[in-house]
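A quick note: this is a predicted structure, and the numbers were derived from the prediction, not measured.
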Amino acid sequence: MRSLERRFNHIKNSQPFWSDYQCFCRAIAKQKFGEQTIHRWFNKLVDKNEYSPRDKRCIIAHLEKLNKSAEGN
């Protein structure tokens, strides 16, 4: 799913001072991507130095909530 990568890169280019994590959050917010897609692209796009490996499960859970926040609307 290259659309997530395109969205991420567009945000990263337009907001150069944001971290990869912030750009990724904005890229997936309310887009209804699949869980596997979020996991895969998180690992590819977000720098591993931006988060603690032991916190990854909580971070992914938060990203899934951001992604699905449009379902209730």
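A chain of hydrophobic side-chain contacts below 4.5 Å, direct or via other Ile, Leu, Val, Met, Phe, Trp or Tyr residues, connects Ile38 to Tyr51.
Taken to the nearest 0.5 Å, the CG atom of Asp20 stands 4.5 Å off from the CD atom of Glu50. Taking CD from Glu5 and CG from Asn9, the interatomic distance works out to 5.5 Å, rounded to the nearest 0.5 Å. Going from atom CG of Leu63 over to atom NZ of Lys56 covers 10.5 Å, rounded to the nearest 0.5 Å.
Between Trp41 and Ile28 the shortest side-chain heavy-atom distance does not fall below 4.5 Å. Proximity of Phe42 to Ile59: side-chain heavy atoms (C-beta onward) are separated by under 4.5 Å at one or more points. Contact check for His39 versus Ile60: side-chain heavy atoms found under the 4.5 Å cut-off.
In terms of heavy atoms, Arg26 sits closest to Arg7 at O-NH2, 3.6 Å. Nearest heavy atoms, Asn43 versus Lys48: O-NZ, 3.0 Å. Between Phe33 and Thr37 the shortest heavy-atom distance is CD2-CG2, 4.2 Å.
Partners of Gln22 by side chain to side chain contact (heavy atoms under 4.5 Å, CB included), not counting sequence neighbours, listed by chain and number: Trp18, Ser19. For Phe8, the ring-ring contact (aromatic ring centres under 6.0 Å, His included) test picks out no residue, with sequence neighbours left out. Listed by chain and number, the residues in a ring-ring contact (aromatic ring centres under 6.0 Å, His included) with Tyr21 amount to none (sequence neighbours excluded).
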Could you go through Phe24 and Leu4, starting from their C-alpha distance and side-chain angles, then the distance that decides it, and tell me whether this counts as side chain to side chain contact (heavy atoms under 4.5 Å, CB included)?
CA-CA 9 Å; Phe24 192 81; Leu4 195 152; 3.5 Å; yes
From CA spacing to verdict: salt bridge (charged side-chain N to carboxylate O under 4.0 Å, His left out), Lys68, Glu35
CA-CA 10 Å; Lys68 294 179 181 181; Glu35 290 180 14; 3.2 Å; yes
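A donor-acceptor distance shorter than 3.5 angstrom exists from the side chain of Asn67 to the backbone of Lys32, with no hydrogens or angles considered.
At a cut-off of 3.5 Å, with distance as the only test, no side-chain donor of His10 or Gln15 sits close to an acceptor on the other residue.
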